[in-house]
Number of protein chains: 4
Amino acid sequence: MIPTPTARSDRKRKELVDAAYQRLASAGFEGLRTRDVAGAVGVNVATLHYYFPTKEALIRAVVGHAMSRFASTLSAEGTPAQQLRAHFAGLRRLVRTEPQLMAVMGELALRSTRDPALAAILRQGDDAWHAWLLRLLGPAAKDGALPAGRNPSDVAALVMATLRGLYMLPPESRNPKRGEQALRELERSLGI
Amino acid sequence: MIPTPTARSDRKRKELVDAAYQRLASAGFEGLRTRDVAGAVGVNVATLHYYFPTKEALIRAVVGHAMSRFASTLSAEGTPAQQLRAHFAGLRRLVRTEPQLMAVMGELALRSTRDPALAAILRQGDDAWHAWLLRLLGPAAKDGALPAGRNPSDVAALVMATLRGLYMLPPESRNPKRGEQALRELERSLGI
Amino acid sequence: MIPTPTARSDRKRKELVDAAYQRLASAGFEGLRTRDVAGAVGVNVATLHYYFPTKEALIRAVVGHAMSRFASTLSAEGTPAQQLRAHFAGLRRLVRTEPQLMAVMGELALRSTRDPALAAILRQGDDAWHAWLLRLLGPAAKDGALPAGRNPSDVAALVMATLRGLYMLPPESRNPKRGEQALRELERSLGI
Amino acid sequence: MIPTPTARSDRKRKELVDAAYQRLASAGFEGLRTRDVAGAVGVNVATLHYYFPTKEALIRAVVGHAMSRFASTLSAEGTPAQQLRAHFAGLRRLVRTEPQLMAVMGELALRSTRDPALAAILRQGDDAWHAWLLRLLGPAAKDGALPAGRNPSDVAALVMATLRGLYMLPPESRNPKRGEQALRELERSLGI
DNA sequence: TATGAATGAGCATTCATTCAT
DNA sequence: GATGAATGAATGCTCATTCAT
């Protein structure tokens with residue numbers, strides 16, 4: 001089937017968003033240039049502005065893309081314990097197969113200080129993540145899988161903080177082996 | 001005593017570094033401008049370049065400043081458990097009294113992807129932090145203060161990852177209450 | 001009767017010219033954009049370029065439109081004195097009902113410095129206007145309606161200069177009441 | 001005497017304003033480019049922006065320059081009739097020696113439709129011009145130099161409208177001889 | 001030491017124009 | 001006839017850096 005004009009146009013939009021996403025991951029907001037993004041897709045800068053009126057609009061689209069990529073990690077099946085394990089495994093895999101995502105999330109998080117709209121979006125994602133973890137940790141607490149006396153909500157917050165610390169800040173800034181250590185220890189403390 | 005030329009010169013260097021540090025915290029690398037830094041100190045941009053040949057050189061000095069500020073958190077006295085408690089309390093206080101430091105550390109961490117020299121410096125700090133925690137957690141493990149079977153080195157890595165996640169990424173990107181929850185849970189899990 | 005393709009095509013051309021005319025009046029050459037003109041008619045910019053190969057061609061058409069609108073003021077009936085009075089009244093009315101025309105004429109006049117072809121067209125209009133006034137003022141001079149010793153050609157030139165000064169330069173640049181004063185005084189000096 | 005830095009800086013500012021003034025006269029607002037202005041002075045565009053933060057600021061300075069040039073025509077000595085004659089002669093000379101001024105005034109007048117601040121400035125100039133003419137025409141009316149029954153204020157308004165029509169719209173848009181005719185006739189009607 | 005003045009290279013954005021469909 | 005998509009060449013403005021004084 002020949003793609004309709006709209007479909008082709010949609011594809012180019014996505015290509016541009018993806019190119020911007022890649023550049024944001026590799027160069028940061030500091031080094032994000034519309035010309036580079038356009039060039040990566042093989043089009044003129046003016047074409048980029050045909051699809052996105054401003055750089056800001058492009059960035060918003062990248063934010064949406066990153067958030068949806070991140071959200072995809074939260075879908076799983078099986079028992080709560082299995083899902084939790086799958087979540088950790090999924091993140092590990094994601095970091096290996098698409099390290100850009102975490103770099104982008106880190107950039108977005110840092111930028112949220114100066115961009116209230118972005119902050120709101122990130123907080124929404126944060127809430128969704130917490131709610132999702134809570135659904136898994138609640139039953140685990142009843143089963144006794146979670147050490148007695150631990151509040152599932154607090155545990156979820158701890159898990160999130162740790163995973164952020166591990167993944168949203170680049171491994172280059174740490175001793176490489178320490179990431180694996182921390183993750184293992186976190187899993188152990190959750191009994192998974 | 002009248003400050004010698006060198007002493008006065010040193011003071012101006014420090015003023016410039018501090019101004020750059022503040023701007024980096026508030027505007028990020030993305031918004032760091034030499035003119036603003038010079039302006040904050042009340043001197044001409046050209047003067048800034050007299051003290052720091054390039055923007056890069058200024059940034060290096062800021063890195064040094066931030067690292068030494070951070071290292072100062074690691075000095076403490078008392079029993080290991082007391083020191084650990086003091087470390088957490090110190091970080092909490094630091095975040096309140098000098099929130100810029102963590103913002104700067106986050107910016108530096110993200111930048112380390114594109115700046116091997118910076119990455120090396122951050123890794124050194126990381127190692128020092130880990131060693132310092134290990135000195136506190138080792139005895140704790142022997143005392144049984146740490147739950148049985150937990151490897152002090154892994155626990156230290158977990159602590160570091162969590163604190164990074166909590167402090168080096170800005171609170172704007174999270175649900176505000178979740179930070180305190182995570183920190184409490186971390187302390188609880190360490191038995192402090 | 002269904003309009004033939006050519007008739008429909010002609011109508012669209014006119015719509016575009018009129019839209020360009022309106023934009024020229026309100027935004028000046030400085031702010032005249034082909035996209036805006038096309039948008040005002042509800043068509044794509046490419047469609048505009050189907051009818052007018054270049055922006056210049058569109059402008060030429062606007063010039064023609066403006067000149068013909070202006071020429072329409074010169075048709076009148078009655079005695080010379082009546083016609084002269086009607087001319088003044090017509091201009092007054094025109095300024096009220098179609099202020100764009102004078103704005104456009106002003107823009108064109110200013111542009112004529114850099115556009116010899118336009119200058120030639122305007123001079124033609126100028127000559128026609130002068131000839132027409134002369135036809136009215138000549139008899140008036142013989143009747144003694146014009147003060148003795150006044151050369152009708154010179155008087156016509158004076159009338160034209162004054163009306164240009166009053167109408168082709170926007171009222172915003174003057175004290176508003178001064179326009180009516182000048183016009184009244186001009187009429188009085190002509191004995192009408 | 002060696003010019004102080006400020007004096008040299010002032011000179012460059014003036015050079016830039018003058019270059020902008022010339023470009024505005026020759027190319028209009030439509031064709032006014034900061035790069036051209038800078039180039040005419042032999043400096044980089046960035047230098048232009050060192051002196052004038054925005055193009056608008058430069059334009060404001062040009063407005064001030066043009067207004068003061070224009071105001072200089074209003075200073076004269078002698079009897080009212082002599083001054084009036086000198087005013088006309090001065091304008092004639094100005095048009096010959098500095099035709100740019102009138103072109104610029106025309107551009108400013110046209111722009112005043114879209115620039116309220118500019119409109120206010122032009123109206124001030126208009127008021128000053130009217131007041132000045134009134135001071136000359138009032139005595140003339142008493143002397144009987146002005147035909148009986150003519151209101152000096154109205155006559156002044158007529159003079160201004162005519163001179164605007166003659167000078168602020170470029171001669172290219174008219175039959176060249178008509179300008180001189182109109183001016184002569186105006187002078188004759190004023191008895192000078 | 002300090003600065004006013006200057007700049008090259010670059011940046012996001014604009015705009016008339018083109019062309020395949 | 002009409003349009004969505006694309007672009008080359010600007011355009012106003014920025015910024016780290018240089019240099020004569």
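Lettering follows sequence order; numbering is per chain, from 1. These numbers come from the heavy atoms of this one structure, side chains and all, not from hydrogens, waters or symmetry mates.
For residues 20-42 of chain D, proximity to DNA chain E is found at D:Arg35, defined as any non-hydrogen atom under 4.0 angstrom from a strand atom.
Going from atom CZ of B:Phe52 over to atom P of E:dA2 covers 13 Å, rounded to whole Å. The interatomic distance linking A:Arg13 (CZ) with F:dG4 (P) rounds to 15 Å, in whole Å. With rounding to whole Å, B:Tyr50 atom OH is found 17 Å from E:dG4 atom P. Look at CG on D:Leu16: it is 15 Å from C1' on F:dG12, rounded to the nearest Å.
Distances shown here put a side-chain N or O of A:Ser9 below 4.0 Å from the OP1 or OP2 atom of F:dA5. In terms of phosphate contacts, C:Thr47 brings a side-chain nitrogen or oxygen within less than 4.0 Å of OP1 or OP2 of F:dT3. A sub-4.0 Å separation between OP1 or OP2 of E:dG4 and a side-chain N or O of D:Lys12 is absent. The phosphate of E:dG4 has neither OP1 nor OP2 within less than 4.0 Å of any side-chain N or O from D:Tyr51.
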> Dot-bracket for DNA chain F: what is it, with Watson-Crick or G-U pairs under 3.5 Å, [ ] where a pair crosses earlier ones, and | for a pair to another strand?
Replying inline: .||||||||||||||||||||

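Along DNA chain F, the nucleotide closest to C:Leu48 and the one closest to D:Lys55 are compared, and the more 5′ of them pairs with C:Leu48. Heavy-atom nearest nucleotides on DNA chain E were determined for B:Val43 and for D:Val43, and the one closer to the 5' end corresponds to B:Val43.
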Short heteroatom pairs, N/O only, protein and nucleotides 18-20 of chain E, under 3.5 Å:
none

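Summarising the geometry, atom CG belonging to D:Asp115 is positioned 8.5 Å from atom CD1 belonging to D:Ile59; distances are rounded to the nearest 0.5 Å. In this structure, B:Leu169 CG and A:Leu108 CG are separated by 11.0 Å, a value rounded to the nearest 0.5 Å.
Contact between C:Glu15 and C:Val41 at its shortest, heavy atoms only, is OE1-CG1, 3.3 Å.
With contacts defined as side-chain heavy-atom distances shorter than 4.5 Å, the pair C:Leu122/C:Met105 qualifies. Residues A:Thr34 and A:Val37 have side chains not in contact (no heavy-atom distance under 4.5 Å, counting atoms from C-beta outward).
Partners of D:Gln100 under the side chain to side chain donor-acceptor pair (under 3.5 Å) rule, at least two apart in sequence or in another chain, are D:Gln22. Under the side chain to side chain donor-acceptor pair (under 3.5 Å) criterion, A:Arg33 pairs with no residue at all, not counting sequence neighbours. Judged as a side chain to side chain donor-acceptor pair (under 3.5 Å), and not counting sequence neighbours, D:Arg13 has no contacts.
Sequence neighbours left out, the pairs with a member in residues 17-70 of chain A that pass ring-ring contact (aromatic ring centres under 6.0 Å, His included) are A:Tyr21-A:His65, A:Phe70-A:Trp129. Among residues at least two apart or in separate chains, salt bridge (Lys or Arg N to Asp or Glu O under 4.0 Å) pairs with a member in residues 37-56 of chain B are B:Glu56-B:Arg60, B:Glu56-B:Arg111. A salt bridge (Lys or Arg N to Asp or Glu O under 4.0 Å) check over residues 35-44 of chain C, counting only residues at least two apart or in different chains, returns the pairs C:Arg23-C:Asp36.
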